[in-house]
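Sequence lines set the chain letters: A, B, ... in the order given, protein chains first and strands last, and positions in each chain run from 1.
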2 protein chains.
Amino acid sequence: MQAIASAQEPAVRPRRKVEQILAAAGRLFREHGYAMTSMDAVAQEADVSKATLYVYYAGKRELFAAVIADEGDQRSRVLITGEDGAEDFRAKLMRFGHAIQDLLIAPETVSSYRMVVGEAGRLPDLGRLYYDNGAGRLLGRLEQFFASAMEGGKLRASDARRAAEQFVGLVRGDLMLRALLGVDERVTAQQRDSVVRAGVDTFYRAYRVDREATPE
Amino acid sequence: MQAIASAQEPAVRPRRKVEQILAAAGRLFREHGYAMTSMDAVAQEADVSKATLYVYYAGKRELFAAVIADEGDQRSRVLITGEDGAEDFRAKLMRFGHAIQDLLIAPETVSSYRMVVGEAGRLPDLGRLYYDNGAGRLLGRLEQFFASAMEGGKLRASDARRAAEQFVGLVRGDLMLRALLGVDERVTAQQRDSVVRAGVDTFYRAYRVDREATPE
DNA sequence: GTCTATAAAGGGATAGAC
DNA sequence: GTCTATCCCTTTATAGAC
């Protein structure tokens with residue numbers, strides 16, 4: 001019944017298994033959460049025996065930590081590019097706004113956040129790691145962009161970091177919280193666009209350079 | 001060893017036990033999350049036998065649902081009062097901003113949100129209930145306040161609901177997300193005030209009535 | 001209604017063969 | 001390195017006495 005392994009392959013591709021395990025664990029942790037995911041299930045999903053899991057990871061917590069660390073790297077890949085000078089500044093804000101909002105309410109982001117938030121009370125180090133790799137990086141890039149814009153006279157000079165936080169908060173609206181809580185079945189493109197448009201509008205009204213004042 | 005109950009009290013205060021159970025379950029679920037809280041622990045914390053739990057609640061999920069429903073009612077009690085005409089409008093915004101922010105990053109709110117968010121994927125109805133009773137109510141009251149303010153010429157006329165969402169987003173900053181992820185050990189009053197101040201400033205710049213235009 | 005005691009199942013982790 | 005089989009503990013849920 002069982003396939004007879006030839007003696008030729010005792011240690012077959014050592015890298016492969018780890019990736020299978022990490023991917024399988026990620027899927028299950030995101031979908032069912034930490035506590036509700038069993039090592040049995042991970043082993044089955046990864047098509048590996050349970051004992052093999054414990055060869056690569058000391059325990060369930062370590063496996064979870066590895067998933068989070070891997071997760072953080074893959075998030076926050078949003079295109080904040082200062083180039084493309086031909087583009088209208090407001091149009092650029094709209095583009096960034098949409099990109100950021102799309103990322104924040106994407107199903108993968110949501111299930112990812114749920115997984116981490118649910119355990120953040122018990123594993124604060126992982127929460128911090130996740131924030132730094134995700135929202136932290138995004139805010140950093142946005143801050144740089146706004147700093148340049150302020151220097152270039154596109155925006156009123158002020159705290160660029162604060163501006164970045166506010167911009168994210170404005171285009172996020174309460175859509176992310178609603179997504180985290182599973183409030184909406186589906187959010188239409190129109191709703192999303194409306195939030196971004198209003199957010200950019202508010203942001204720009206507050207940060208645009210006054211035509212009259214500031215004659216330094 | 002055990003106290004001998006007099007025959008006078010077979011069904012002692014039927015209401016009492018339920019409250020004990022609900023309170024104990026709430027504490028444990030908030031602290032340890034759904035999956036990591038055992039019915040044994042709840043029974044012990046509530047000073048009740050495990051069998052008694054199952055008299056009042058069909059199972060663990062039902063108990064959790066009861067906790068969430070109870071929880072939602074108690075949140076969102078923030079004082080948004082339109083009266084007090086003597087107060088400067090910006091000062092009022094600052095007061096509301098602080099009250100809202102305080103609520104959002106309060107430890108009870110954070111552990112509460114963690115508990116619900118962590119399970120929202122499996123129990124979407126509870127997530128919606130929680131949102132409606134919490135953030136939903138808050139936004140509703142704030143919307144009313146802004147609508148009055150717009151009508152009274154204190155703010156530029158526009159979508160009051162959207163303004164409410166943006167106001168909350170601005171005074172929240174990313175403090176709540178950081179709190180949910182356990183990023184900061186402690187947030188100083190100075191940091192909090194700084195976020196509120198900047199948020200109100202941005203909000204007011206965007207929504208104040210232009211001195212020159214709008215001569216309808 | 002409330003308790004003690006226990007059934008029934010599932011989970012994390014490991015021993016030992018190959 | 002990888003597997004099968006298993007240990008041992010915890011968990012949900014219930015039976016039965018009072």
I'd like to know if the side chain of [X] reaches the main chain of [Y], judged simply by a donor and an acceptor atom lying under 3.5 Å from each other, with no hydrogens or angles considered.
| X | Y | result |
| --- | --- | --- |
| Arg128(A) | Val183(B) | yes |
| Ser111(A) | Pro107(A) | yes |
| Arg122(A) | Glu31(B) | yes |
| Lys60(A) | Ser38(A) | no |

Spacing between [X] atom [atom1] and [N] atom [atom2], to the nearest angstrom:
| X | N | atom1 | atom2 | result |
| --- | --- | --- | --- | --- |
| Arg61(B) | dA13(D) | CZ | C1' | 15 Å |
| Leu63(B) | dT11(D) | CG | P | 15 Å |
| Tyr34(A) | dG12(C) | OH | C1' | 10 Å |
| Ile21(B) | dG1(C) | CD1 | C1' | 11 Å |
| Lys60(B) | dT14(D) | NZ | P | 15 Å |
| Leu53(B) | dT2(C) | CG | C1' | 11 Å |
| Glu62(B) | dT12(D) | CD | P | 13 Å |
| Tyr57(B) | dT14(D) | OH | P | 17 Å |

Exercise. Do any of residues 36-44 of chain B sit with a heavy atom less than 4.0 Å from DNA chain C, and if so which?
Worked result: none
Problem set entry | Lys/Arg-Asp/Glu bridge criterion (N-O < 4.0 Å) met for Arg197(B), Asp201(B) | no
Exercise. Would Arg172(A) and Arg172(B) count as a side chain to side chain contact (heavy atoms under 4.5 Å, CB included) if you check the C-alpha gap in whole Å, the side-chain angles of each, and the deciding distance to 0.1 Å?
Worked result: CA-CA 12 Å; Arg172(A) 184 206 296 144; Arg172(B) 183 205 298 144; 2.9 Å; yes
Problem set entry | Derivation and outcome, side chain to side chain contact (heavy atoms under 4.5 Å, CB included), residues Leu63(A) and Phe29(A) | CA-CA 10 Å; Leu63(A) 176 56; Phe29(A) 281 140; 4.2 Å; yes
Exercise. Under 4.0 Å: is that the gap between some side-chain N or O of Ser49(A) and OP1 or OP2 of dC3(D)?
Worked result: yes
For this session: Report yes if a side-chain nitrogen or oxygen of Lys17(A) is closer than 4.0 Å to either non-bridging phosphate oxygen (OP1 or OP2) of dC3(D); otherwise report no.
Result: yes
Exercise. Is the Phe64(B) ring parallel, tilted or perpendicular to the Tyr34(B) ring (thresholds 30°, 60°)?
Worked result: perpendicular
Exercise. If you check the Ala51(A) side chain, which of dT2(D), dA15(C), dT4(C) turns out closest?
Worked result: dA15(C)
Problem set entry | Residue Thr52(B), side-chain atoms from C-beta onward, closest of dT2(C), dC3(D), dA13(C) | dT2(C)
Exercise. In degrees rounded to 10°, what angle is found between the helical axes fit to the five outermost pairs at each end of the helix from dG1(C)-dC18(D) to dC18(C)-dG1(D)?
Worked result: 10°
Exercise. If we only count heavy atoms from C-beta on, is the Val42(B) to Lys50(B) side-chain gap below 4.5 Å?
Worked result: no
Seminar exercise, completed: Whichever of Tyr54(A) and Val48(B) has the more 5' nearest nucleotide on DNA chain C, that residue is Val48(B)
